Peer 1: 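I'd like to ask you about the structure that follows.
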Amino acid sequence: MKKYNFSEIEEKWQKKWEEAEIYRAKFRSEKKKFYVLEMFPYTSAQIHMGHVRNYTIGDVIARYKVMKGYNVLHPIGYDAFGLPAENAAIKHKVDPKEWTYNNISTIRRQLKKLGLSYCWEREVITCTPEYYRWNQFFFIEFFKRGLVYKKKSPANWCPSCQTVLANEQVVDGKCWRCGSIVEQKELSQWFIKITDYAEKLLDFSGIKNWPERVILMQKNWIGKSTGCEIVFHLVEINQPIKVFTTRADTLFGVTFLAISPYHPVVSEIIKKSPYKEEVKKFVEKVRKTSLSVEDVLKTEKEGIDTGISAINPANGEKVPVWIGNYVLMEYGTGAVMGVPAHDQRDFEFAKKYNLPVKIVIKNPEWEKIPEEIEAAYEGEGIMVNSGIFDGLESNKGKEEVCKWLERKRKGKEAVYYKLRDWCISRQRYWGTPIPVVYCEKCGIVPVKEEDLPVKLPEKIEITGKGKSPLENVEEFVKCKCPECGRDARRETDTMDTFVDSSWYFLRYASGDTENKPFDKKEVNYWMPVDQYIGGIEHAILHLLYSRFFVKALKDMGYVDFDEPFENLLCQGMVIKDGAKMSKSKGNVVDPEEMIEKYGVDTLRLFILFAAPPELDLEWSEKGIEGCWRFLNRVWNLNQKISEYKSSGNGNDKKLEILIHKTVKGVSEDIEKGFHFNTAIAKMMEFTNAITKMINEKNVSEIKLKEVWSKFIKLLYPFAPHISEELWEMAGNKNFLFFEKWPEFKEEILTEEKVTIVIQVNGKVRGKIEVPPGLKEEEVFNLILKDEKIARWIEGKEIVKKIFVPDKILNIVVK
RNA sequence: GCCGGGGUGGCGGAAUGGAAGACGCAACGGACUUAAAAUCCGUUGGGAGCUUGCUCCCGUGAGGGUUCGAGUCCCUCUCCCGGCACCA
């Protein structure tokens, strides 16, 4: 008997598939399409098990959908710009481009080894001028419509390296390379106005099936809150100041105002404050401290009395104005009303500085208003000490106070979002140059469309010192103003790589990309992506930015749909010994080694079988051996079947039911939630059962061969190489890829016999084999003859019987 | 703190409110072999009983509830994982 020689088989079919170009996607408007997409790999390293899992899931779906008759698009590309290339350049003196392309060729070779059904002709590499040119094009389109703008914003700055650091390069508030304390430095940076789309991004009605948690995470990230904008009056400065609150019902409990050290009015306050020096010192101190997340949390609430006072518009009361380090400038109005009795932060602040606590909402659990409280009461209640609003429910009070203020022109209803504009400036080399020119006369001028792309200069020196590597490239910086033609300077910031990944899926979906970002007609045909697959780590940024891009492009008339990804599957991590695979833990399993040892089909099968896609997958060498054994059994069974001779046909019907059951099970497992693990289990059950039947020699060879060829088709999306080989061995000349997925008939599934479970008082007391479709009475009469069951009913009063046809009979006795 | 998700054999994991533990791994027994590996055939949640292949009891984090019947639905608690977090 010939042994299962996986390496020979896999090499053979990968070559044949490539030669026949079977995966090339074609635009065919009359055919129903299916777009399967996996998040493209970052070109910083080799392929790891996480990628194998991601791409295998996509590949099964793609192959299955083709067999189901869809016109499938299944592309791949490389996320090729970004920091790692530049870091490698600094560390090992290699050219970022060379480094990136080396990695790409490794990754491409690995992907091909995995036997994935990609349309390679559509490969996208984001660091090519052919691609990033369109990043620049869209930037300018956005610019024209006021969707990009420049503003000062703090950036992480390492004073020793003299460079800007990305958030991930700041470790414990220190520079990852030299360990100096990272400072915040105000830099003028480019922003995309994603906040204009906050409301549209909160609308998920165009999405069919995303994990609930991803939608939730996006909603929280956007963070819409409806409340009231209230105008206080600053007495000594004689100007108004706005605060935002979601609890206008607590307005009468305000005992101070707290404003952010970054608030524009601070300079005015310093001028008028009786404690000028102290206030100035405090503000400077706060502004110096690092803004990293951990630090902010650790920082204790601190503030300083400015000596300035404000008038509460509700009751004309004068309250002190403080500057507080806990007031964010980036959210709301940069100033908050302090209500210690009903806000825990304000409470802590008030306790620390001995500010009064005034209760204006009565907790229903209180019998009377307490003299003192130990914590703020943030719940609902009845309004007290609130003038005309006394006795009103706080819930209603929120709106009533707001309306009342509106009539007095001292406030209005307002909506605020946590979402901030998207900073796309990177003071880095390896990215898309921002296509803008600075002219002394004309100011900020976008590069003309016909002059795109603004090419990234090659072979430049990257030291990691100084602001941006591009600033030192004279030929790049020096240019002419597109408007007036005078000497001008080029922008040296490059774009965030999230810009690249916000529309790559549109580029894939376009056959013709010669002189345009994509072909509208083709993109409208293929899009939206029917199934997107990737890691949960992109739940917010990448997915939100892509949604924004598509919505903005729709508004600009480039596309006709408004969601990029209709269905999303977030696959779990591949872990070993309970931890994510990583070099530092030394628990990495190299996919290529596994392919060498067991073959791709076995690797794919194991990775699909070991856990459902959305759960973490524990790597197990023993587990992969189990899948290896399964494929060998399939291989050996195939030989047995090809040599099988028998005239018996007693089990033909049973075999027919078995294959229909398997087809149904596998199809449904794929359809509802991609339960590949149970689909594979069903195929294993099938082979176990068919083995027995072959040994019994009671099936006809015609039936056996017919059923077996259906099974090979089921196996194909999971283990395509071996399936294709078996298919050919059976004498077929065509590729399995173009075969129709087997169908099942429900009526064949009605078996000759069903097992009815007999329960007495809900406990299983027996089971009987009967022909299907028996009535309750018939079943009951049968069990009376069955001693084992009957003795549980004997001498008891039958209260009632519950009967589920062909399934269960439960007899309730007393 | 807030918001999600989840606790099922020795392990990975199955179970439209209807036989808990499919399938795989590990383990054990047997066949083949001089022997081992590989392969094939069995057994395998825990406990008790005897006539040794059958009977009964217990069992899905803990406690309660709904139901003829709960891993599944409801309530309380507990532990684990993930996200967010001075967002006014």
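In what follows, every chain begins at residue 1, and chains take the letters A, B, ... in the order their sequences are listed. Small disclaimer: the values here were computed from a predicted structure and weren't measured.
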Peer 1: Could you list the protein-to-nucleotides 10-16 of chain B atom pairs, N/O on both sides, closer than 3.5 Å?
Peer 2:
residue	atom	partner	partner atom	Å
B:G12	O2'	A:A610	O	2.7
B:G13	O3'	A:N677	ND2	3.4
B:A14	OP1	A:N677	ND2	3.2
B:U16	O4	A:K807	NZ	3.2

Peer 1: Look at all strands and tell whether A:T755 reaches a base, only sugar-phosphate, or nothing, counting heavy atoms closer than 4.0 Å.
Peer 2: base
Peer 1: Rounded to the nearest Å, what distance is computed from the CD1 atom of residue A:I575 to the P atom of nucleotide B:G82?
Peer 2: 11 Å
Peer 1: Assign B:G29 to syn or anti; the rule is syn for a glycosidic angle within 90° of 0 and anti otherwise.
Peer 2: anti
Peer 1: Sequence neighbours left out, what passes ring-ring contact (aromatic ring centres under 6.0 Å, His included) with A:H538? Give chain and number order.
Peer 2: A:H542
Peer 1: Using the C1' atom as the reference point in each nucleotide, state the distance between B:U67 and B:G17 in Å, no decimals.
Peer 2: 9 Å
Peer 1: For residues 319-329 of chain A, which residue pairs pass the salt bridge (Lys or Arg N to Asp or Glu O under 4.0 Å) check, not counting sequence neighbours?
Peer 2: none
Peer 1: Give the B/S/- string for nucleotides 40-51 of chain B, one per nucleotide from 5' to 3', where a protein heavy atom under 4.0 Å of the base yields B, of only the sugar-phosphate yields S, and otherwise -.
Peer 2: SSS---------
Peer 1: Does NZ or CZ of A:K352 come closer than 6.0 Å to the centre of the six-membered ring of A:F347, within 45° of the ring's axis?
Peer 2: no
Peer 1: Would you say the ring centroid of A:Y545 lies under 6.0 angstrom from that of A:W422?
Peer 2: yes
Peer 1: Would you give me the side-chain donor-acceptor pairs under 3.5 Å for residues 320-333 of chain A, sequence neighbours excluded?
Peer 2:
residue	atom	partner	partner atom	Å
A:N325	OD1	A:E302	N	2.8
A:N325	ND2	A:E300	O	2.9
A:Y326	OH	A:D346	OD1	3.1
A:Y331	OH	A:S225	OG	2.9
A:T333	OG1	A:K242	O	2.7
A:T333	OG1	A:A335	N	3.4
A:T333	OG1	A:A335	O	3.2

Peer 1: Quantified in whole Å, what is the P atom distance between nucleotide B:U39 and nucleotide B:A26?
Peer 2: 10 Å
Peer 1: Using the C1' atom in both, what is the distance from B:U43 to B:A36, to the nearest Å?
Peer 2: 23 Å
Peer 1: Tell me, for nucleotides 63-72 of chain B in 5' to 3' order, what letter each nucleotide earns: B for a base near a protein heavy atom under 4.0 Å, S for only sugar-phosphate near one, - for neither?
Peer 2: -----B----
Peer 1: Rounded to the nearest Å, what distance is computed from the CH2 atom of residue A:W322 to the C1' atom of nucleotide B:A88?
Peer 2: 18 Å
Peer 1: Starting at CD1 of A:I361 and ending at P of B:A88, how long is that distance when rounded to a whole Å?
Peer 2: 17 Å
Peer 1: If I take atom OH in residue A:Y331 and atom P in nucleotide B:A88, what distance separates them, rounded to the nearest angstrom?
Peer 2: 4 Å
Peer 1: Using the C1' atom on both, measure B:G53 against B:C75 and round to a whole Å.
Peer 2: 44 Å
Peer 1: Donor-acceptor pairs under 3.5 angstrom involving side-chain atoms of residues 769-778 of chain A: please list them, not counting sequence neighbours.
Peer 2:
residue	atom	partner	partner atom	Å
A:E769	OE2	A:T755	OG1	3.4
A:E778	OE1	A:K775	N	2.7

Peer 1: Hey, could you give me each pair passing salt bridge (Lys or Arg N to Asp or Glu O under 4.0 Å) that has a residue in residues 620-636 of chain A? Not counting sequence neighbours.
Peer 2: A:K597-A:E621
Peer 1: Show me the pairs that pass salt bridge (Lys or Arg N to Asp or Glu O under 4.0 Å) and involve residues 598-614 of chain A, at least two apart or across chains.
Peer 2: A:D59-A:R604
Peer 1: Classify the side chain of A:K622 and the base of B:A26 as holding, or not holding, a donor-acceptor pair under 3.5 Å.
Peer 2: no
Peer 1: When we call it a touch if two heavy atoms are under 4.0 Å apart, what does A:K301 touch: a base, just sugar-phosphate, or nothing?
Peer 2: base
Peer 1: In whole Å, measure the gap between the C1' atoms of B:A38 and B:A31 for me.
Peer 2: 14 Å
Peer 1: Map A:G332 and A:L216 onto RNA chain B by nearest heavy atom, then report which one ends up closer to the 5' terminus.
Peer 2: A:L216
Peer 1: Could you state the atom-to-atom distance from CZ of A:F232 to C1' of B:A88 in whole Å?
Peer 2: 12 Å
Peer 1: Treating A:W635 as the side-chain partner and A:K2 as the backbone partner, does any N or O pair qualify as donor plus acceptor under 3.5 Å?
Peer 2: yes
Peer 1: Within the structure shown, what part of the strands sits under 4.0 Å from A:V799 by heavy-atom distance: base, sugar-phosphate, or nothing?
Peer 2: nothing
Peer 1: Quick one: side chain to side chain donor-acceptor pair (under 3.5 Å) partners of A:S667, sequence neighbours excluded?
Peer 2: A:W741
Peer 1: Write out the stems for RNA chain B, ordered by first number and formatted as range with range, counting runs of at least 3 consecutive Watson-Crick or G-U wobble pairs under 3.5 Å.
Peer 2: B:1-7 with B:78-84, B:10-12 with B:23-25, B:27-31 with B:39-43, B:45-50 with B:53-58, B:61-65 with B:73-77
Peer 1: Just jot down the side chain to side chain donor-acceptor pair (under 3.5 Å) partners of A:D343, sequence neighbours excluded, or say none.
Peer 2: A:R345
Peer 1: Between B:C3 and B:A85, how far apart are the two P atoms, rounded to whole Å?
Peer 2: 16 Å
Peer 1: Roughly how far apart, to the nearest Å, are B:G9 and B:G45 at atom P?
Peer 2: 13 Å
Peer 1: RNA chain B: A:S620 or A:W792, which has the more 5' nearest nucleotide?
Peer 2: A:S620
Peer 1: Figure out the CD1/P separation between A:I808 and B:A20, and round it to whole Å.
Peer 2: 9 Å
Peer 1: Mind calculating the distance between CE (A:M329) and P (B:C86) to the nearest angstrom?
Peer 2: 17 Å
Peer 1: The side chain of A:Y326 is closest to which nucleotide in this list: B:A22, B:C86, B:G4?
Peer 2: B:C86
Peer 1: To the nearest Å, give me how far apart CH2 (A:W619) and C1' (B:C25) are.
Peer 2: 14 Å
Peer 1: Can you check whether A:K763 has a side-chain N or O nearer than 4.0 Å to OP1 or OP2 of B:C58?
Peer 2: yes
Peer 1: When rounded to the nearest 0.5 angstrom, what is the spacing between CD1 in A:I207 and CG in A:N209?
Peer 2: 10.0 Å
Peer 1: Between A:F606 and A:Y598 (judged by ring centroids, cut-off 6.0 Å), do the two rings come close enough to count as a pair?
Peer 2: no
Peer 1: Quick check for you: to the nearest 0.5 Å, what is the distance between A:N688 atom CG and A:E685 atom CD?
Peer 2: 7.5 Å
Peer 1: Side chains of A:L405 and A:K412: closer than 4.5 Å at any heavy-atom pair?
Peer 2: no
Peer 1: Under 4.0 Å, heavy atoms only, any strand: does A:N688 hit a base, just the sugar-phosphate, or nothing?
Peer 2: sugar-phosphate
Peer 1: Give A:G223 one of three labels, base, sugar-phosphate or nothing, depending on what nucleic acid heavy atoms sit under 4.0 Å from its own.
Peer 2: nothing
Peer 1: Kindly point out which of B:G4, B:C56, B:A88 is positioned nearest to the side chain of A:R765?
Peer 2: B:C56
Peer 1: Can you check salt bridge (Lys or Arg N to Asp or Glu O under 4.0 Å) on A:E317 and A:K358, steps first, answer last?
Peer 2: CA-CA 13 Å; A:E317 258 176 39; A:K358 186 182 166 197; 3.6 Å; yes
Peer 1: Give me the distance, rounded to whole Å, that separates B:A20 from B:G59 when you measure between the C1' atoms they each carry.
Peer 2: 9 Å
